Amino acid sequence: MRPLTEEETKTFFEKLSKYIGDSIALLLDRQDGAYCFRLHKERVYYISEELMKKAGNIAGENLLSFGTCFGKFTRKDRKFMLHVTALDYLAPYAKYKVWLKPSAEQQFLYGHNVVKSGLGRITEGTSDHQGVIVYSMNDMPLGFGLAAKSTEACRHADPMMVVLHHQADIGEYIRNENALV
Amino acid sequence: MGRKRQLDRVPSGPGRKSRRQKDPEFESAKDKKAEKKAKRPKLDGLKKKKKGKPKAAPPPVALDSEGSTDESDLVGVAVYPLPDDFGDDEEVSDTTPQVVDGAQGDASDEKNEGSDDEEDGDEESDDGDEGGDQGMESYDEGDSSDEEELLPIEKAAKKGRKKEEEDNRLAEEELQTNIAATETLVLPSGQEVEKDAHIASDLTLVQQRIRDVQFVLADFKARKQEGKGRSDYVQQLRRDLCTYYSYNEFLMEKLMDLFPQDITDVLEANEVPRPMTIRANTLKTRRRDLAQALISRGVNLDPIGKWSKVGLVVYDSQVPVGATPEYLAGHYMLQGGSSFLPVMALAPQEKERVLDMCAAPGGKSSYIAALMKNSGSLFANDANADRAKAIVSNLHRMGVHNSVVSAYDARTFPKIMHGFDRVLLDAPCSGTGVIAKDPAVKTSKDEKDIQRCSHLQKELILAAIDCCNANSPTGGYVVYSTCSIMVEENEWVIDYALKMRSVRLVPTGLPFGNEGFVNFKQHRFHPAMKMTRRFYPHTHNLDGFFVAKLQKFSNKMPGEEQKPKPDKETNGQAKGDKSTDKAADKGQKRKNADSKEPNNTNKKRKFDPPQTPKQQGGKKNKTDTPQGEKSSPKLKGILKKSPQNAASGGKPSPTTKKRGKPSPTTKKRGKPSPTTKKRGKPSPNMKKKGKPAKKG
């Protein structure tokens, strides 16, 4: 377990701010104590500082997880991939949201992109390639993705055109359990 | 094409059909008649009229003769009950056959004669019988002179009734003799048993034999076969149960020991799966909201019971329960009902440090985190790294933020970390409580498996206790649970822990469940074992489970007078002792600290692998180690010096409350070998070192 290096922090925060903008500070300075990000086996974990100290007792090779895993760095390019496990923290601070119709829910949970006909609602002002959080019509967070079109373009888009690129969804807990750990 | 024959014609004549027994309709008809008669007033005039009427009509004579041959047996027996009626037959020469004849006559009267006659006869006999009944009742004291006043038809009625009673009584006796004839079940001989072992026997026969043997065993003395003892029957029952339910002999023997009365209930319950249950995740939703959401998806569910506020039982579902969006969002967890129980017993509070030693796949850990409301810290560990990954996945899905997941061998965990407020140990076991989920257990488990499990569990429970902090302000609890019903894996392990560490049993706080065994076969456990709880599939409709809650009352090892490190620690600990231990001990401990020798402090470390009772029992007497020799004068010193000890009747300090005494001064040993038999008589009061008997 070690803190993130400068570069890593930069890449990571960039990715995060795509979804939640400037609220990263809110994540770090919380009411119930200071939280921090730590790197362990190429994965970034979000954890409170006291818990981090206790987790330090556990040897590296036996430690599997602590706090919440936000995502991992790819080995070669050192790019950061955000995992669906971060959804709980991203959802409250989301700036741009997309709501899906029930018919499109299933498709999204299987990992497919969303077409215009499945789009229920979209936040105003979403720009192209903006990170968005995906919700069901019941306001249940389903995952996140990248807006393929801006809100304006979505209005005029063809029903079969892709409006949201899938990034991560909660169906991965069943489909892709191994990749999360 | 209608029939020309009379269907109602009663066959008469010498043939077989005419001898057929008649339908027993008499009682109700006669009772009604009797009631009617009782209601109507006595009519003396009518009575006198009927007296002259010939009693038995000729046609029945033939019947009578045949009937009499048939019922010759009955004739002899027939007569006793009603001496009054006996006296009625004065008119006829031969009394006994007349009873029979009378009855038949009456019957034939009712049937053969025309409807007019019958009606007349009925009416008259009603009146007469009524009077006769009244007459009978009033003459019940045996006044034979008045019986002449009874009409012949009344007498016939009486006789008919008597005959009926006779018939019924004899039929009953026949039935009894029939039963008696089939009761003596003949056990298959040795050859037959061998044959059975080779060929596949017919299951229906086996099932029938099971029932028969159980029937015999229910009232053994009366129903047994001559020359066969109870054990023969029990063995045969065991063989049949093994064949029928496909168990191996070892496991069947164990089950029959545990459930001598309801063995078939147990086995039947193990064939059927328990209902599917889910637990609402209170970190993300409420049970009510979840139930509504799932019902709208087409899941048929109900709250699990009064004992849980988060459980739901699923009867059936149109969608896969393990793949709904609510599941994926972490609103609930698929979990067996009995898995709620150890966490309910543990009752973790907010901001505590809790350890779950065998956490995979993470159901109980997530429940703990939910009860703690994501505060404090939760350490979830599992020895198997692959299974531990499932914990990570589940905890993330359920929105647990305060967890640390590791993959250690739980026996080594105390060396990594200790000082937890609460520890949950859901130990790996033989799985005999969840046979319904995994039928392979029926045939694959044998003596060695159980012993291996038991051994591992003993090591684990000591590690769990060592991880726990007795001085915790809010806790100091260890909950031990298994999904097994074997005494070797449950009560025995707890008993071992009670002897080896400073713990005591406390009530689990669970609202239902059978009490644990205090005595079982040759075992004699601590009486507090009653506070543990057992759950069975056939009584509670939950998977077989065992839950025990221990409280650690001292961080010291039992019998340990010194602290691991000299000077600082001893002073520190002595102060610590004051806060936890009773005043009576203070004197002792300080004296111990004074009189201790530096060698001893180092020798006894906190994390020594526990010694088996047998080894300790052996070592108790031996003082071959130098420490052993040193310890006795010290202890004698204690006994002399401390007046409180004497005052309390020679009882030792609370730290040594547990029964049995592992000598603190025995040699350090490696891990006890797996083949060490730990079954011995736990005779805790067998103190040969001259110490007072300890009361656990």
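Because the structure is a prediction, the values reported are computed rather than measured. Naming convention: chains lettered A, B, ... in sequence-line order (proteins, then strands); numbering from 1 in each chain. Values reported hereafter were calculated over all heavy atoms of this structure, with side chains retained and with hydrogens, waters and symmetry mates removed.
The shortest side-chain heavy-atom distance between A:Y173 and B:S393 falls under the 4.5 Å cut-off.
Summarising the local packing, NZ of A:K15 is surrounded by more than 12 heavy atoms from other residues, nucleotides or ligands at distances under 6.0 Å. Heavy atoms from other residues, nucleotides or ligands lying under 6.0 Å from NZ of A:K41 number more than 12. Shown here is A:Y110, whose OH atom has no more than 12 heavy atoms of other residues, nucleotides or ligands within 6.0 Å. Annotation for A:E49: atom CD counts as buried by contact number, over 12 foreign heavy atoms lying within 6.0 Å. Residue B:R288 places its CZ atom among 12 or fewer non-hydrogen atoms of other residues, nucleotides or ligands, all under 6.0 Å distant. The 12-atom threshold is exceeded at CG of A:D139, counting heavy atoms of other residues, nucleotides or ligands nearer than 6.0 Å. More than 12 heavy atoms of other residues, nucleotides or ligands lie within 6.0 Å of CZ in A:R30, so this atom counts as buried by the packing criterion.
Only the backbone of B:A385 comes within contact range of chain A, with at least one heavy atom under 4.5 Å from a heavy atom of that chain. The contact between A:L109 and chain B is made entirely by side chain atoms (from C-beta outward), counting heavy-atom distances below 4.5 Å. There is no contact between A:A86 and chain B, counting heavy-atom distances below 4.5 Å. Both the backbone and the side chain of A:T68 come within less than 4.5 Å of a heavy atom of chain B. Of the two parts of A:E105, only the side chain, counted from C-beta on, holds a non-hydrogen atom closer than 4.5 Å to a non-hydrogen atom of chain B. Interface remark: A:D88 contributes side-chain atoms only to the contact with chain B (heavy atom separation under 4.5 Å).
Considering every non-hydrogen atom in both A:L51 and B:S377, the closest pair reads CD1-CB, 3.1 Å. Between A:M140 and B:H331, the shortest heavy-atom contact is SD-CE1, 3.8 Å. Contact between B:A407 and A:L64 at its shortest, heavy atoms only, is CB-CD1, 4.1 Å.
Between B:I416 atom CD1 and A:N62 atom CG the span is 7.0 Å, to the nearest 0.5 Å. To the nearest 0.5 Å, atom CG of residue A:N138 and atom CD of residue B:E326 are 7.5 Å apart. How far OG of A:S48 is from CG of B:N374: 10.5 Å, rounded to the nearest 0.5 Å. In this structure, CE on B:M417 lies 7.0 Å from NZ on A:K54, to the nearest 0.5 angstrom.
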Hey, mind stepping through B:H396 and A:H83 against side-chain contact (heavy atoms from CB on, under 4.5 Å) and telling me if it holds?
CA-CA 11 Å; B:H396 276 103; A:H83 280 174; over 6 Å; no
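Per-residue counts of heavy-atom pairs under 4.5 Å with chain B were compared for A:I58, A:L63, A:I47; the largest is that of A:I58.
Less than 6.0 angstrom separates the ring centroid of B:H401 from the ring centroid of A:Y89.
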